[in-house]
Amino acid sequence: MDTGSHFKSKTVTDLLREYLAIIFLAAVSIIFTVIQPRFATFYNLSTILMQTSLLAIISIGLTFVMIINEFDLSFPFLASLGVNTAVNIAQLAVPGFLAILVPLLVGLFVGLVNGLIVSKLKTNSFIATLGMGTILLGVNFLISGGKTIVVVGGLPDWFIFPAQEQLLGFSYLTYIMVAVLLISIIVIKYTVFGRIMYAIGGNADACIVSGINVEKRKIFGFIISGFLAGLTGFLLAARLEGGHPNAGDEFLMTGFAAVFLGMTLKSGLPNILGTFFGAFFIVTIWNGITLIWLPYEYQLILTALTIIIFASIGYGMKGKTVKV
């Protein structure tokens, strides 16, 4: 469908609803700039993109699961496990690449287990991943002893490099986010795999009748989510330069919010580019509210209200029941 037919097939109300979040973000950005000119500087844009990177990466993983009409509640706890695993390994007398590789492998493994439980055992994904998340939370407390992991003497330079260094004024975290974003868009939009994922999310039973291996695709969806959660864990460890049992827990609300916000850009369907916008939206609002020196409690309330309103619009546009 070309652009012209796209707009002809939608009413003004539909278009306004679809682009309302973008219009709101633009309007609020202008207000922030008027109140605090530093908001519109290159330095602040670079900061916003850096702060968006981790939320966007882990939310893109969640998007792959939600495209197939499933849920993953374990991803923030898996990110925390990635943080603590990476930090602990970096302090051992072992090859440095293991501090990067192990969190990724742990993410793949947990994603695989989630996928097998949901697809093979037919367990509700909400329940299965909630249980897995609780297990991971317990493991995180075992690894960290329930305390912040402080590295005496600091972590190696190669470990913290992605979060501490810049290229052309942008953090390497931003470049990693862009790479994940582009690869994910190509996979989900321009491959048979991506089209099948959307087909499963639309009608899994019809896909089964058509001979599509739905179980296999669902497993892959959870594996991708787990892998990107593990990657986020390592990158978060590099940014924090330490570990904590709850390091990634903040992604639970904001991760789902980013996906739901992004759904407003595609008629209520989870989509990769929309999820990036959702993450950017959340971080930009938070950044602007912080710059105008609004008290912290008001920051929380206003940011949460904004997320609820626009995420509800995106969820409501889906036009069908989502399995929970």
Side-chain angles (χ1 to χ4, degrees), residues 38-64 75-76 78-91 94-108 149-151 153-187 224-244 247-248 250-251 254-255 258 272-273 275-284 286-287 290-291:
R38 282 192 299 139
F39 177 82
T41 62
F42 175 83
Y43 174 80
N44 194 51
L45 173 62
S46 175
T47 299
I48 290 174
L49 288 173
M50 184 271 290
Q51 293 173 340
T52 300
S53 59
L54 299 183
L55 175 58
I57 291 170
I58 200 168
S59 300
I60 286 171
L62 175 63
T63 305
F64 275 91
F75 71 95
L78 182 52
S80 296
L81 181 59
V83 171
N84 298 316
T85 301
V87 171
N88 279 306
I89 292 177
Q91 300 180 73
V94 296
F97 72 89
L98 291 177
I100 303 173
L101 181 61
V102 172
L104 299 181
L105 292 178
V106 170
L108 286 171
I149 301 175
V150 179
V151 182
L155 288 164
D157 290 341
W158 61 264
F159 186 95
I160 62 175
F161 176 83
Q164 305 298 327
E165 300 297 328
Q166 294 186 344
L167 176 65
L168 302 177
F170 294 101
S171 168
Y172 278 97
L173 292 179
T174 300
Y175 292 106
I176 295 172
M177 173 189 69
V178 171
V180 171
L181 176 64
L182 292 178
I183 293 171
S184 299
I185 289 175
I186 292 171
V187 168
I224 293 171
S225 179
F227 176 81
L228 291 181
L231 174 61
T232 301
F234 163 70
L235 296 175
L236 181 57
R239 184 175 172 185
L240 296 176
E241 298 187 53
H244 191 278
E250 65 183 83
F251 293 126
T254 53
I272 304 300
L273 187 59
T275 294
F276 163 73
F277 168 78
F280 183 78
F281 181 104
I282 293 168
V283 174
T284 300
W286 184 268
N287 175 272
T290 302
L291 282 180

Side chain to side chain contact (heavy atoms under 4.5 Å, CB included) involving [X] - partner list, sequence neighbours excluded:
| X | answer |
| --- | --- |
| A237 | V83, A86, V87, F159 |
| Y43 | T41, T47 |
| F227 | L104, L108 |
| L240 | L236, A247 |

Distance check, rounded to the nearest 0.5 Å: [X] atom [atom1] versus [Y] atom [atom2]?
| X | Y | atom1 | atom2 | answer |
| --- | --- | --- | --- | --- |
| F234 | T85 | CZ | OG1 | 12.5 Å |
| I57 | L228 | CD1 | CG | 7.5 Å |
| I185 | F276 | CD1 | CZ | 9.0 Å |
| I48 | W286 | CD1 | CH2 | 14.0 Å |
| I60 | I224 | CD1 | CD1 | 11.5 Å |
| F251 | I58 | CZ | CD1 | 5.5 Å |

Under the side chain to side chain donor-acceptor pair (under 3.5 Å) test, which residues partner [X], sequence neighbours left out?
| X | answer |
| --- | --- |
| S225 | D72 |
| N88 | none |
| S53 | none |
| S80 | D249 |

Shortest non-hydrogen separation from [X] to [Y] and the atoms involved:
| X | Y | value |
| --- | --- | --- |
| G82 | P103 | O-CG, 3.8 Å |
| N44 | R38 | CB-O, 3.4 Å |
| S59 | T275 | CB-CG2, 3.4 Å |
| L155 | A90 | CD2-CB, 3.8 Å |

> Hey, does the side chain of S46 reach the backbone of F42 with a donor-acceptor pair shorter than 3.5 angstrom?
Replying inline: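 Judged by distance alone, no pair lies under 3.5 Å.
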Using side-chain heavy atoms (C-beta onward) and a distance below 4.5 Å, is [X] in contact with [Y]?
| X | Y | answer |
| --- | --- | --- |
| W158 | I100 | yes |
| R239 | M50 | yes |
| T284 | T52 | no |
| L55 | F280 | no |

> Of all residues at least two apart in sequence or in a different chain, which pass the ring-ring contact (aromatic ring centres under 6.0 Å, His included) check with F39?
Replying inline: F32
Do any side-chain atoms of residues 171-181 form donor-acceptor pairs under 3.5 angstrom with protein atoms, and if so which ones, sequence neighbours left out?
{"residue": "S171", "atom": "OG", "partner": "L173", "partner atom": "N", "Å": "3.1"}
{"residue": "Y175", "atom": "OH", "partner": "L167", "partner atom": "O", "Å": "2.6"}

> Step by step, would you call E241 with I160 a side-chain contact (heavy atoms from CB on, under 4.5 Å)?
Replying inline: CA-CA 7 Å; E241 298 187 53; I160 62 175; 3.7 Å; yes
